[in-house]
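Quick note: residue numbers are just sequence positions, from 1. What you see is a predicted model, and the numbers here were worked out from it, not measured in a lab.
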Amino acid sequence: KFFKSKGVKLSKIDSVTREEDAKIDNSKCKEITGGRIDLLVRTPECYIIIENKIDSRIIFQGGVSQIQRYYNYVNYLQREEKERLKKTEEDLKNKIASLGQECEKYERRINDPKKSKDKRMEKWSEDLEELMRDKIEAKNELEDLPEFKEREVIGFVLAPEYNTPTDSELEVKNNAGQIVYNYKPVSYKEIYYWLKDKAMETIDKDPNFKAFYNAMKKHTYVTKGESIREDMMNIFFTRIQKCPKKYFTKSAFTMSLECPRRLYYAYDKDGYANQDVDDEFLKSLAEGGFQVGEFAKLCYKIGPANTVKT
């Protein structure tokens, strides 16, 4: 459905392969191929090449990009398919012609008056019937042979906005250096919000899809720093939720800024010892904190009996 929203016509999907080896021997293919395609989708109408680029850029070797190598590979597959169908058609036509000649030979034997009493007549008749069946079967195969239909080659490069490929990186050129195709860039942010708008019912039912959706969210930010900050915040709140103590105090907040994991360990007093408990200097600082708390109560007319719990 997402590909359809990008203008790709899809009646059905024949296959999807991951990390497909795109290398063809140089003796078979003039264009440069190689590398591994992240996802290759085959449909009756097209090949869809999908390349993911989270952190790394598009790789160039000898002036040829990895996505151009994939494009060359898919075009080779099409030429190979065309040649295979052509050879199959020629083989079937030759087979039909050869069987026809054999049938004529046996018919002449059977219809020859001089051989009407030949003891081999019954065997010839059986052989003729078998040859005719083979000929009919070959004709049916030829009629059912699909006609070669060239498929459109469509390429997408998926990337976060902080790693969007340049126009020149998306170009595919022929041996003469002419641009013959441009891959289409798609941001993870676009995918994430499309899923959020169109597919949440499916996502909620499938834990693997849910994990993919959550991972996609990490790459919706303009900079990688924002993504890292989101990860740290998630870890921070997860730690807080797991803390045995329910109340998030000033001390806990300060501690969480230093290290979210330390906050988790500090509240699990039974499982982890704290060397700071008996530190006299830290005790005096804590008493100062209590005094600030009492002063705040006076300023805001809060009764002295009130605590964090009440």
Greater than 12 external heavy atoms within 6.0 Å of [X]'s [atom1]:
X      : atom1 : value
Met132 : CE    : no
Asp112 : CG    : yes
Lys9   : NZ    : no
Lys23  : NZ    : yes

[X]: which residues meet the ring pair (Phe, Tyr, Trp, His ring centres under 6.0 Å) condition with it, sequence neighbours left out?
X      : result
Tyr188 : His219
Phe2   : Trp194
Phe3   : Phe156

Q | Test item: Tyr183 and Ile49 side chains (from C-beta on) under 4.5 Å apart, heavy atoms | A |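 In contact.
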
Note: [X]-[Y] ion pair, threshold 4.0 Å (strictly below):
X      : Y      : value
Arg120 : Glu122 : no
Asp204 : Lys210 : yes
Glu190 : Lys6   : yes
Glu169 : Arg57  : yes

Q. Are Ile54 and Val157 in one and the same hydrophobic cluster, where Ile, Leu, Val, Met, Phe, Trp and Tyr link if side-chain heavy atoms are under 4.5 Å apart?
A.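 Yes, one cluster joins them.
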
Q | Co-membership, hydrophobic cluster, residues Ile136 and Leu128, 4.5 Å side-chain | A |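 No, no single cluster joins them.
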
Q: Decide if the gap between the ring center of Tyr192 and the ring center of Tyr213 is smaller than 6.0 angstrom.
A: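 Centroid distance Tyr192-Tyr213: below 6.0 Å, so yes.
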
**Q.** With Lys123 via side-chain hydrogen bond (donor to acceptor under 3.5 Å, both in side chains) - residues at least two apart
**A.**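 Partners of Lys123 by the side-chain hydrogen bond (donor to acceptor under 3.5 Å, both in side chains) criterion, ordered by chain and then number, come out as Asp127.
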
Give the table of side-chain donor-acceptor pairs shorter than 3.5 Å for residues 86-96, with sequence neighbours excluded, one pair per line with atom names and distance.
{"unit_1": "Lys87", "atom_1": "NZ", "unit_2": "Asp91", "atom_2": "OD2", "d": "3.0"}
{"unit_1": "Thr88", "atom_1": "OG1", "unit_2": "Arg84", "atom_2": "O", "d": "2.8"}
{"unit_1": "Glu89", "atom_1": "OE2", "unit_2": "Lys93", "atom_2": "NZ", "d": "3.3"}
{"unit_1": "Asn94", "atom_1": "ND2", "unit_2": "Glu90", "atom_2": "O", "d": "3.2"}

For a quick test of reading the model, state the closest non-hydrogen atom pair linking [X] to [Y] and the distance between them.
X      : Y      : value
Arg151 : Gln78  : N-OE1, 2.6 Å
Ile58  : Pro165 : CD1-CB, 3.9 Å
Tyr70  : Ala22  : CD2-CB, 4.0 Å

Q: Could you go through the ring pair (Phe, Tyr, Trp, His ring centres under 6.0 Å) check for Tyr71 and Tyr181 one step at a time?
A: CA-CA 9 Å; Tyr71 185 87; Tyr181 184 73; 5.4 Å; yes

Counting only pairs under 3.5 Å, give me each side-chain donor-acceptor contact of residues 28-35, with atom names and distances, residues two or more places apart or in other chains.
{"unit_1": "Glu31", "atom_1": "OE1", "unit_2": "Arg79", "atom_2": "NH2", "d": "3.1"}
{"unit_1": "Thr33", "atom_1": "OG1", "unit_2": "Ile24", "atom_2": "N", "d": "2.9"}
{"unit_1": "Thr33", "atom_1": "OG1", "unit_2": "Ile24", "atom_2": "O", "d": "3.4"}

